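Below is one structure; the comments refer to it alone.
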Amino acid sequence: MPSYQAPRGMNDTLPEDAALWRHIRDTAERVARLFDYRQITTPIVEDAGVFLRTVGDESDIVQKEMYVFEDRGGDRLALRPEGTAAVCRAYIEHGMGSWPQPVRLFYFGPFFRYDRPQAGRYRQLWQFGAESIGSESPAADAELIELQHTLYQELGLHDVVLRVNSIGNLESRGRYIDALREYFRPLVPGLSRDSQRRFETNLLRVLDSKEEQDRAAVEGAPSILDFLDDEDAAHFESVKSALDAVGIAYEVDPYIVRGLDYYSRTVWEFEPPEARGQSTIGAGGRYDGLIELLGGQPTPGVGFATGIERIALNLKTRGIEPPEPEVIDVVTVPLGEAGAAACLRVARDLRAAGLTVRAGTPGRSMKAALRAADASGAAYAVIIGDREAADGVATLKPLRGDAEQRTVAVTEVAEAIRA
RNA sequence: GUGGGUGUGGCCUAGCGGUUAGGGCGUCAGGUUGUGGCCCUGAAGAUCGGGGGUUCGAAUCCCCUCACCCACCCCA
């Protein structure tokens with residue numbers, strides 16, 4: 001019988017990565033609080049309609065990446081592929097429209113996409129996201145971008161590049177796509193094979209082509225920014241001004257196209273420099289029509305999501321370590337029966353004093369026990385054999401530096417370590 | 001979903017038709033009487049991802065399958 005493996009595209013996060021993950025999560029939550037965003041936790045499963053209605057029938061997420069199943073009661077449920085639609089569902093369900101607007105929310109949790117796995121792309125992925133719902137103001141867009149930017153700065157990802165764009169509203173986007181099609185149509189024979197296919201299946205993706213032979217055609221293509229109406233253009237200008245005001249560097253990239261249908265106006269993404277492949281570390285945008293699609297009152301919103309695995313990957317490649325790695329203060333070395341009992345009592349007292357204590361395994365030789373204690377990285381070994389136990393003392397042995405070991409009363413080990 | 005690459009004890013890896021499948025790291029034990037880090041010795045641990053086939057003989061060749069990686073697609 002073959003032994004079990006984790007499901008494809010899903011990973012165990014091992015203890016060695018726990019501190020890094022905790023650091024990312026703590027930083028994200030702390031930064032979110034600095035902007036007065038409050039946490040919302042929604043179920044991992046939603047009615048499939050929440051995503052089917054909002055993400056876009058044409059999108060890959062709906063077409064082929066969603067885990068959908070029927071429960072025993074016959075309801076069609078989906079493992080959530082993204083956070084925004086679920087948060088909006090909660091906004092409507094809990095009447096947040098009558099809260100002070102905008103409602104600022106953040107979340108942290110697992111999401112699921114039935115993709116073909118690749119480095120940085122998983123079937124279960126963790127995201128941190130923030131949403132500001134109820135404000136049409138460009139100030140909200142800029143606030144989210146600033147929040148996200150602050151997060152990366154706090155984590156030490158100083159070199160990530162911010163690219164922003166405006167994709168206007170549905171009508172102007174439609175006009176743009178028509179114009180783009182007309183522009184490329186005569187050029188199709190000269191395009192790469194991939195781009196010829198994209199011309200038919202996903203026109204906007206032609207703009208993303210990395211093929212050298214497409215470059216001239218792509219560079220001459222019309223820009224969506226020239227198709228924005230006055231209001232959308234003014235909105236985008238205000239977002240950029242706000243970013244300028246707080247000194248956040250960005251690059252306007254008219255070729256950014258967010259994957260989800262519900263986006264309008266501002267869209268953005270953060271990427272490591274020189275990155276290829278599954279490299280986008282986090283992305284966001286405005287989704288003014290989304291709440292209405294879910295049956296709520298017309299309500300504007302804007303938000304972003306960032307991938308925890310991709311952040312972790314980038315921190316690792318830059319050699320950034322969590323500030324507080326897991327440390328052991330003390331390892332006990334119990335020798336003999338009386339020593340073992342005394343060790344248990346001392347360990348309990350040390351833990352009560354807030355020290356991390358690894359209980360040494362009784363029955364090992366002292367040499368073996370001390371080898372293990374040393375390898376653990378602990379600062380001290382507390383040795384209690386029957387000899388010490390009889391006298392009510394412990395041998396406190398510093399494992400780092402060159403201080404001498406000393407004998408202290410079992411009741412005073414914590415004080416001795418603190419001193 | 002499409003195309004390509006990889007897969008040897010927990011980790012890294014040698015071997016690429018006939019080896020008791022070798023090494024390093026790690027783990028455990030020991031180097032005399034209760035004291036670690038270096039060093040030394042020993043042990044456990046691999047049906048060579050899984051299944052099938054070719055062959056007198058396969059980790060080594062072929063097929064299928066699974067997983068990971070890369071590109072596409074798409075995206076966090």
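Naming convention: chains lettered A, B, ... in sequence-line order (proteins, then strands); numbering from 1 in each chain. Bear in mind that the values here come from a model prediction, so they are computed numbers and not experimental data.
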Distances under 3.5 Å only, N/O to N/O: pair up the protein atoms with those of nucleotides 25-28 of chain B.
residue, atom, partner, partner atom, Å
B:C28, OP1, A:Arg364, NH2, 3.2

For [N], take OP1 and OP2 only and decide whether either is under 4.0 Å from a side-chain N or O of [X].
{"X": "A:Ser365", "N": "B:G30", "result": "yes"}
{"X": "A:Lys367", "N": "B:G36", "result": "yes"}
{"X": "A:Gln118", "N": "B:A71", "result": "yes"}

Going through the checks in order, is the side chain to side chain contact (heavy atoms under 4.5 Å, CB included) test met by A:Tyr176 and A:Ile167? CA-CA 9 Å; A:Tyr176 171 64; A:Ile167 57 173; over 6 Å; no
Distance to the ring centre below 6.0 angstrom and angle to the axis at most 45 degrees; does that hold for A:Arg123 and A:Tyr114?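 Yes, cation above the ring, under 6.0 Å and within 45°.
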[N] base / [X] side chain donor-acceptor hit below 3.5 Å:
{"X": "A:Arg371", "N": "B:G37", "value": "no"}
{"X": "A:Arg8", "N": "B:C68", "value": "no"}
{"X": "A:Glu388", "N": "B:G34", "value": "yes"}
{"X": "A:Arg310", "N": "B:C75", "value": "yes"}

Mind calculating the distance between [atom1] ([X]) and [atom2] ([N]) to the nearest angstrom?
{"X": "A:Arg163", "N": "B:C75", "atom1": "CZ", "atom2": "C1'", "value": "13 Å"}
{"X": "A:Leu151", "N": "B:A76", "atom1": "CG", "atom2": "P", "value": "16 Å"}
{"X": "A:Arg123", "N": "B:G1", "atom1": "CZ", "atom2": "C1'", "value": "11 Å"}
{"X": "A:Arg121", "N": "B:C75", "atom1": "CZ", "atom2": "P", "value": "10 Å"}
{"X": "A:Met10", "N": "B:C68", "atom1": "CE", "atom2": "P", "value": "10 Å"}
{"X": "A:Ile311", "N": "B:A76", "atom1": "CD1", "atom2": "C1'", "value": "9 Å"}
{"X": "A:Met366", "N": "B:G37", "atom1": "CE", "atom2": "C1'", "value": "14 Å"}
{"X": "A:Phe51", "N": "B:C75", "atom1": "CZ", "atom2": "P", "value": "16 Å"}

Considering only side-chain heavy atoms of A:Lys397, which listed nucleotide, B:C69, B:U35, B:A67, is closest?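 Between B:C69, B:U35, B:A67, the one nearest the side chain of A:Lys397 would be B:U35.
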Select one nucleotide: of B:G1, B:C69, B:G34, the one nearest the side-chain heavy atoms of A:Arg387.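 Among B:G1, B:C69, B:G34, the one nearest the side chain of A:Arg387 is B:G34.
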Residue closer to the 5' end of RNA chain B, A:Gly307 versus A:Leu399 (nearest nucleotide): A:Leu399
Mapping A:Ile383 and A:Arg116 to their closest nucleotides on RNA chain B, which lands nearer the 5' end?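 It is A:Arg116 whose nearest nucleotide is closer to the 5' end.
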Sugar-phosphate, base or nothing in reach of [X], heavy atoms under 4.0 Å:
{"X": "A:Gln405", "value": "base"}
{"X": "A:Tyr122", "value": "base"}
{"X": "A:Gly9", "value": "sugar-phosphate"}

Given the rule in the side chain to side chain contact (heavy atoms under 4.5 Å, CB included) test, do A:Phe51 and A:Glu82 qualify, once you have shown the distances and angles that lead to the verdict? CA-CA 8 Å; A:Phe51 308 110; A:Glu82 60 106 22; 4.2 Å; yes
Can you tell me the Watson-Crick or wobble partner of [N], both distances under 3.5 angstrom?
{"N": "B:C72", "result": "B:G1"}
{"N": "B:A14", "result": "none"}
{"N": "B:A67", "result": "B:U6"}
{"N": "B:U54", "result": "none"}

Side chain to side chain contact (heavy atoms under 4.5 Å, CB included) between A:Thr42 and A:Tyr107, intermediate numbers included: CA-CA 8 Å; A:Thr42 63; A:Tyr107 59 85; over 6 Å; no
Angle class for the A:Phe108/A:Trp126 ring planes (parallel below 30°, perpendicular above 60°, tilted otherwise)?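 Rings of A:Phe108 and A:Trp126: tilted, 30 to 60°.
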Taking B:A21 as the reference, what is the distance to B:G49 when you measure between their P atoms (whole Å, please)? 15 Å
Take atom C1' in B:U65 and the same atom in B:G9, then report the distance between them in whole Å.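 Result for the C1' pair: 23 Å, nearest Å.
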Go through A:Met66 and A:Leu52 one step at a time and tell me if the side chain to side chain contact (heavy atoms under 4.5 Å, CB included) criterion holds. CA-CA 9 Å; A:Met66 208 154 73; A:Leu52 294 174; 3.6 Å; yes
Those residues that, when tested against A:Arg185, pass salt bridge (Lys or Arg N to Asp or Glu O under 4.0 Å) (two or more places apart): A:Glu182
In this structure, CG of A:Asp386 is separated from CG of A:Leu335 (nearest 0.5 Å) by 8.0 Å
Are A:Leu225 and A:Phe236 packed together at the side-chain level, in the sense that at least one heavy-atom pair is separated by less than 4.5 angstrom?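 Sidechains of A:Phe236 and A:Leu225: in contact.
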